[in-house]
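Right, one structure below, let's go through it.
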Number of protein chains: 2
Amino acid sequence: MNPSDDNSGERITEAEQAVMEVLWDRPRQTAAEVCEDVCTTRDWSLATVKTLLSRLVQKGALAAEPDGRRFLYTPLIAREAYVGGESRRLVERLFGGRAASLVAHLAESEALSAADLDEIEALLKELRP
Amino acid sequence: MNPSDDNSGERITEAEQAVMEVLWDRPRQTAAEVCEDVCTTRDWSLATVKTLLSRLVQKGALAAEPDGRRFLYTPLIAREAYVGGESRRLVERLFGGRAASLVAHLAESEALSAADLDEIEALLKELRP
DNA sequence: GCTCGATGATTACGCCTGTAGTCATTGCGA
DNA sequence: TCGCAATGACTACAGGCGTAATCATCGAGC
């Protein structure tokens with residue numbers, strides 16, 4: 001089992017993910033800083049960001065480190081873990097847990113470019129000498 | 001663009017998907033028949049299944065063909081299209097649209113068994129002669 | 001013809017989510 | 001020291017989702 005596989009219960013929603021992304025990109029930011037980044041792209045108000053930050057702290061996805069009278073927010077779960085969890089969930093839901101089926105589907109539906117195929121092939125070679 | 005890419009707006013939720021699955025498996029079933037299948041696995045009441053069927057018809061995901069005083073339900077969107085849509089959405093959300101990254105992630109996080117890797121390898125060979 | 005059971009439609013309701021306003025506090029500058 | 005501006009906490013609220021009860025209807029059998 002991986003550490004940082006803290007997939008403990010609480011789901012992270014799409015809006016929440018947007019907030020996580022900016023903190024994964026650079027941890028220890030204030031609410032205002034996070035907003036500066038995400039409020040432009042998603043057209044949110046600062047209040048919205050604060051709510052999402054609170055919910056994420058409540059869910060144990062973020063740590064809030066006091067810094068004077070405000071907080072610096074830092075992810076407690078790694079992006080790796082989140083991405084892994086979501087991927088596994090999708091594979092489970094849509095392909096009965098068979099990840100190869102997902103790859104097959106992507107390939108057949110032309111979601112994979114020739115370059116993608118190259119990349120995957122290289123990956124396979126690397127994974128087993 | 002594929003036909004049956006009727007990804008027209010309306011999202012299908014997880015509960016709804018369970019209903020779709022049994023109709024993808026065998027189309028033209030009544031509410032009672034669908035329930036017979038899904039009510040055991042998900043522990044639902046017939047009423048719940050009927051609600052989900054109604055919502056799916058409303059969303060344009062199912063056709064309701066009158067059969068006497070009841071309906072036979074049939075998927076209007078192909079499972080392929082649904083699976084493709086969901087997969088693309090995930091790749092977009094988590095990997096910035098780069099499907100190869102998803103495969104890489106699955107491989108590195110050991111979500112892919114040796115058998116999976118074999119299968120993918122065979123797939124690649126098949127995809128390009 | 002009339003009642004009963006099956007069936008779809010309607011309504012319900014609590015929780016989650018997205019989005020945001022307001023309130024209370026508190027550190028900082030004047 | 002005192003008021004202000006920044007900040008997190010609390011509250012709000014509409015819409016979607018999961019789950020289900022109830023209602024209205026209609027066909028079949030007596």
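Letters go in sequence order (proteins before strands), and every chain restarts at 1.
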Q: Determine, stepwise, if the pair B:D116 / B:S113 fulfils side chain to side chain contact (heavy atoms under 4.5 Å, CB included).
A: CA-CA 5 Å; B:D116 284 333; B:S113 66; 3.3 Å; yes
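- Straight-line distance from the CG atom of B:L56 to the C1' atom of D:dC17: 12 Å, rounded to whole Å.
- We find that CG of B:L53 is positioned 16 Å from P of D:dC17, with the value rounded to whole Å.
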Exercise answer: donor-acceptor pairs, residues 63-72 of chain B side-chain atoms, under 3.5 Å, sequence neighbours excluded:
unit_1: B:E65; atom_1: OE1; unit_2: B:R28; atom_2: NE; d: 3.2
unit_1: B:E65; atom_1: OE2; unit_2: B:R28; atom_2: NH2; d: 2.8

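- The residue among A:R55 and A:Y73 whose nearest nucleotide of DNA chain D is located toward the 5' end is A:Y73.
- No option in A:T48, A:L46, A:T41, A:T40 other than A:T48 meets the side chain to side chain contact (heavy atoms under 4.5 Å, CB included) test with A:W44.
- Side-chain atoms of B:D118 never come within 3.5 Å of backbone atoms of B:A115 as a donor-acceptor pair (strictly under, hydrogens ignored).
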Q) For A:V49 and A:L53, what are the C-alpha separation, side-chain angles and deciding distance, and is it a side chain to side chain contact (heavy atoms under 4.5 Å, CB included)? A) CA-CA 6 Å; A:V49 173; A:L53 286 170; 3.9 Å; yes
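- The outermost nucleotides of DNA chain C lying under 4.0 Å from heavy atoms of chain B, listed 5' to 3', are C:dG5 to C:dA12.
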Q. Are B:V19 and B:V34 close enough, and set up right, to give a side chain to side chain contact (heavy atoms under 4.5 Å, CB included), and what steps lead you there?
A. CA-CA 7 Å; B:V19 167; B:V34 171; 4.2 Å; yes
Q. Can you check side chain to side chain contact (heavy atoms under 4.5 Å, CB included) on B:E121 and B:L124, steps first, answer last?
A. CA-CA 5 Å; B:E121 203 165 15; B:L124 287 184; 5.8 Å; no
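- Note: CG (A:L52) to P (D:dT11) measures 18 Å, nearest angstrom.
- When distances are taken from the side chain of B:T48 to each of D:dG8, D:dT19, D:dC10, the shortest belongs to D:dT19.
- Taking atom CD on A:Q58 and atom P on D:dT11, their separation rounds to 12 Å, with Å as the unit.
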Q: Starting at the 5' end of nucleotides 25-30 of chain D, put B wherever the base has a protein heavy atom under 4.0 Å, S where only the sugar-phosphate does, and a dash everywhere else.
A: --S---
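- Remark: the backbone N or O of B:D25 is not paired with any side-chain donor or acceptor of B:R79 at under 3.5 angstrom.
- Salt-bridge formation is detected for the pair B:R11/B:E86: a Lys NZ or Arg NE/NH1/NH2 atom is positioned less than 4.0 Å from an Asp or Glu carboxylate oxygen.
- With rounding to the nearest 0.5 Å, the separation of CG in A:L23 from OH in A:Y73 is 9.5 Å.
- D:dA6 atom P lies 16 Å from atom CG of A:D67, rounded to whole Å.
- Of the residues in residues 39-46 of chain A, A:W44, A:S45 come within less than 4.0 Å of DNA chain C through at least one heavy atom, sorted by number.
- Considering only residues two or more places apart in sequence or on other chains, B:E16 meets the side chain to side chain contact (heavy atoms under 4.5 Å, CB included) condition with B:I12, B:T13, B:L52, B:R55, B:L56, B:K59.
- For the segment residues 13-35 of chain A, the set of residues with a heavy atom within less than 4.0 Å of an atom of DNA chain C comprises A:T13, A:E14, A:A15, in numerical order.
- A 4.5 Å side-chain heavy-atom check between A:M20 and A:I77 finds at least one atom pair inside the cut-off.
- B:Q17 contributes no side-chain N or O that, together with a main-chain N or O of B:Y82, makes up a donor-acceptor pair within less than 3.5 Å.
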